[in-house]
Trainee: 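Mind looking over this structure? Questions follow.
Proteins get letters first, then strands, A, B, ... in listed order; numbering begins at 1 in each.
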Protein chains: 2
Amino acid sequence: MTGAYTIGEAARESGVKVPTIRYYEEIGLLPAPPRTEGGRRSYGAADLRRLAFIRHARELGFEIDAIRTLLQLQDQPDQPCAAADAIARDHLVTVERRIASLTALRAELQRMVEGCSHGHVASCRVIEILADHGECAHHEGGRA
Amino acid sequence: MTGAYTIGEAARESGVKVPTIRYYEEIGLLPAPPRTEGGRRSYGAADLRRLAFIRHARELGFEIDAIRTLLQLQDQPDQPCAAADAIARDHLVTVERRIASLTALRAELQRMVEGCSHGHVASCRVIEILADHGECAHHEGGRA
DNA sequence: GCTTGCTCCTCTAGTCGCTAGAGGAAGTAC
DNA sequence: GTACTTCCTCTAGCGACTAGAGGAGCAAGC
């Protein structure tokens, strides 16, 4: 039977660390489980699934608030899934923007390190490019 | 002449927000400028250059500590620039890893939203993939 | 002179998603 | 009975800011 798990077992099974599990409980992402006589948390199989879901979503870069919504949706399987789709699409857009930004950044870093003649700071391309924004190809801000 | 600037002017010139400038001063990234009679910060042209340097480096994703080192290097132009080069190279590696990770992530998000038939949550591909890690192509962790 | 409105000052607290550590109790192994 | 591990709660810290309170300086108009 899908018995009871200690928080340590839940952590090992789900890959979410012990303090993080407690943190998720604190912020209401994971329901507070029943306790043993001695006051220890006792998790069931459904909790492990929920934790795995959260972990996977975090790995994919979803924010806690988005995961909260996704979990609510998961709990109501007869709802239309437009909301889940929208969250994923939104996130996809974010990720694409981030990739574009990082790719531009990579090009600039490559220019830096390739241009560096390993001489002295006075003539260092790395320092130079950082000092002169005008000289560089990077003109759109935003989180890298 | 390269006169004196208020913190607001420095912010406009450098693109760094006013509270952020004060924050940089607090953490010792920017020297504390002289004050006017009325106690207001009075910046010179060198401060503006330093701020622009910091801003650019932050835009490129360098961490404050790395910027601190880069600024120290900039202040000693006769030093060899190996350290600056190493910082840039390090950062390039980080950025490349991040791009790889995000690219894998993008593929998975695309699978999600393309597979979504816009029906109900019970059969939603987005929710499904999140629930079943085994089903997905994403197996290496790391910061996205 | 006086008021209006903007910028500036300091200080504290909040953001996000955890992570670390203190100090103590419960459970397990020998 | 004692050693060891795991668990408990609680508070504080990380990075890099951001927001807001409460007050003072300063320039312009009347």
Side-chain angles (χ1 to χ4, degrees), chain A residues 3-30 32-43 47 50-51 53-71 91 94 98 141-144, chain B residues 3-30 32-43 47 50-51 53-71 87 90-91 94 98 141-144:
Chain A
Y5 303 85
T6 68
I7 197 169
E9 286 160 355
R12 271 189 293 281
E13 293 289 315
S14 67
V16 179
K17 289 185 202 150
V18 169
T20 306
I21 294 177
R22 286 197 278 251
Y23 169 72
Y24 287 161
E25 179 183 326
E26 194 189 312
I27 63 170
L29 208 56
L30 194 69
R35 302 286 183 118
T36 66
E37 271 185 38
R40 285 153 181 234
R41 289 170 179 82
S42 178
Y43 294 98
D47 295 311
R50 202 173 178 92
L51 270 176
F53 184 101
I54 295 170
R55 191 207 163 187
H56 193 190
R58 286 296 298 140
E59 264 178 20
L60 293 179
F62 286 94
E63 291 176 6
I64 296 285
D65 258 10
I67 296 174
R68 208 184 290 275
T69 308
L70 289 168
L71 282 168
H91 189 47
T94 306
R98 223 173 277 177
R143 279 281 135 252
Chain B
Y5 302 84
T6 67
I7 197 170
E9 286 160 356
R12 271 188 295 280
E13 292 290 314
S14 68
V16 179
K17 289 187 204 149
V18 169
T20 305
I21 295 177
R22 287 197 278 249
Y23 169 71
Y24 287 160
E25 179 183 326
E26 194 188 311
I27 63 170
L29 207 56
L30 193 70
R35 303 285 184 119
T36 66
E37 273 186 36
R40 288 158 179 232
R41 289 171 180 82
S42 178
Y43 294 99
D47 296 310
R50 202 172 177 91
L51 269 177
F53 184 100
I54 295 170
R55 191 206 164 188
H56 193 189
R58 285 296 298 138
E59 266 179 7
L60 293 180
F62 286 95
E63 290 176 7
I64 296 284
D65 258 10
I67 297 173
R68 208 185 290 274
T69 308
L70 289 168
L71 281 167
I87 291 173
D90 250 36
H91 190 46
T94 306
R98 223 173 276 178
R143 279 281 134 252

Trainee: Test salt bridge (charged side-chain N to carboxylate O under 4.0 Å, His left out) on A:Arg22 and A:Glu26 and set out the steps.
Mentor: CA-CA 6 Å; A:Arg22 286 197 278 251; A:Glu26 194 189 312; over 6 Å; no
Trainee: Residues two or more places apart in sequence or in another chain: which of them pass side-chain hydrogen bond (donor to acceptor under 3.5 Å, both in side chains) with A:Glu25?
Mentor: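 So A:Glu25 forms a side-chain hydrogen bond (donor to acceptor under 3.5 Å, both in side chains) with A:Arg41.
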Trainee: Using only side-chain N and O atoms of B:Lys17, determine if any of them is under 4.0 Å from OP1 or OP2 of D:dT18.
Mentor: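 Looking at the OP1 and OP2 atoms of D:dT18, one of them is under 4.0 Å from a side-chain N or O of B:Lys17.
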Trainee: Please give, in whole Å, the distance from D:dC14 C1' to B:Glu63 CD?
Mentor: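 Taking atom C1' of D:dC14 as the reference, CD of B:Glu63 is at 12 Å.
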Trainee: Judged by each residue's nearest nucleotide on DNA chain C, which is more toward the 5′ side, A:Thr36 or A:Pro19?
Mentor: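 Its nearest nucleotide lies further toward 5', so the answer is A:Pro19.
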Trainee: Write down the distance between OH (B:Tyr23) and P (C:dT15), rounded to a whole number of angstrom.
Mentor: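 For the pair B:Tyr23 OH and C:dT15 P, the rounded distance is 17 Å.
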Trainee: Considering only heavy atoms from C-beta outward, does the side chain of B:Arg68 approach that of B:Ile27 to under 4.5 Å?
Mentor: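 Contact flag for B:Arg68/B:Ile27 side chains = yes.
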Trainee: When you check the phosphate oxygens OP1 and OP2 of D:dC17, does a side-chain N or O of B:Tyr24 lie under 4.0 Å from one of them?
Mentor: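 For B:Tyr24, the contact criterion (side-chain N or O under 4.0 Å from OP1 or OP2 of D:dC17) is met.
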Trainee: With respect to the side chain of B:Arg58, which nucleotide from D:dA16, C:dT19, D:dT18 is positioned closest?
Mentor: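 The nucleotide sitting nearest to the side chain is D:dA16.
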Trainee: With no hydrogens and no angle check, is any side-chain donor or acceptor of A:His91 less than 3.5 Å from a backbone partner on A:Ala66?
Mentor: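 The answer is no, because no donor-acceptor pair under 3.5 Å joins these two groups.
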Trainee: Quick one: does A:Glu13's side chain have a donor or acceptor within less than 3.5 Å of a partner on A:Ala10's backbone?
Mentor: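 Judged by distance alone, no pair lies under 3.5 Å.
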Trainee: C:dC18 P sits how many Å from A:Leu30 CG, rounded?
Mentor: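 So the two atoms are 13 Å apart, to the nearest Å.
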Trainee: Atom CD1 of B:Ile21 and atom C1' of C:dT7: how far apart are they, to the nearest Å?
Mentor: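 Interatomic distance, CD1 of B:Ile21 to C1' of C:dT7: 13 Å.
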Trainee: Write down the distance between CZ (A:Phe62) and P (C:dC16), rounded to a whole number of angstrom.
Mentor: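 It is 18 Å, rounded to the nearest whole Å.
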Trainee: Nearest whole Å is fine: how far is C:dT7 C1' from B:Tyr43 OH?
Mentor: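 Rounded to whole Å, this separation is 14 Å.
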Trainee: Check the interface with nucleotides 8-12 of chain C: list each N/O to N/O pair with the protein under 3.5 Å, or write none.
Mentor:
residue : atom : partner : partner atom : Å
C:dC8   : OP1  : B:Thr6  : OG1          : 2.9
C:dC8   : OP1  : B:Gly8  : N            : 2.6
C:dC9   : OP1  : B:Arg41 : N            : 2.9
C:dC9   : OP1  : B:Arg41 : NH1          : 2.8
C:dC9   : OP2  : B:Arg22 : NH1          : 2.3
C:dC9   : OP2  : B:Arg41 : NH1          : 3.4
C:dC9   : O5'  : B:Arg41 : NH1          : 3.4
C:dC9   : O3'  : B:Arg35 : NH1          : 3.4
C:dT10  : OP1  : B:Arg35 : NH1          : 3.2
C:dT10  : OP1  : B:Arg35 : NH2          : 2.9
C:dT10  : OP2  : B:Arg41 : NH1          : 3.0
C:dT10  : OP2  : B:Arg41 : NH2          : 2.8

Trainee: Roughly, in whole Å, what's the span from CD1 in A:Ile27 to P in C:dT15?
Mentor: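 For the pair A:Ile27 CD1 and C:dT15 P, the rounded distance is 12 Å.
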Trainee: I need the CD1-P distance between B:Ile67 and D:dG15, as an integer number of Å.
Mentor: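 Spelled out: CD1 on B:Ile67 to P on D:dG15 is 13 Å.
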Trainee: Evaluate the side-chain contact (heavy atoms from CB on, under 4.5 Å) criterion for residues A:Thr69 and A:Asp65: first the C-alpha distance (whole Å), next the side-chain angles of each, then the deciding distance (0.1 Å), finally the verdict.
Mentor: CA-CA 6 Å; A:Thr69 308; A:Asp65 258 10; 5.8 Å; no
Trainee: Do side-chain atoms of A:Arg50 reach the backbone of A:Leu29 as a donor and acceptor pair under 3.5 angstrom?
Mentor: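 Such a contact is found between A:Arg50 side chain and A:Leu29 backbone.
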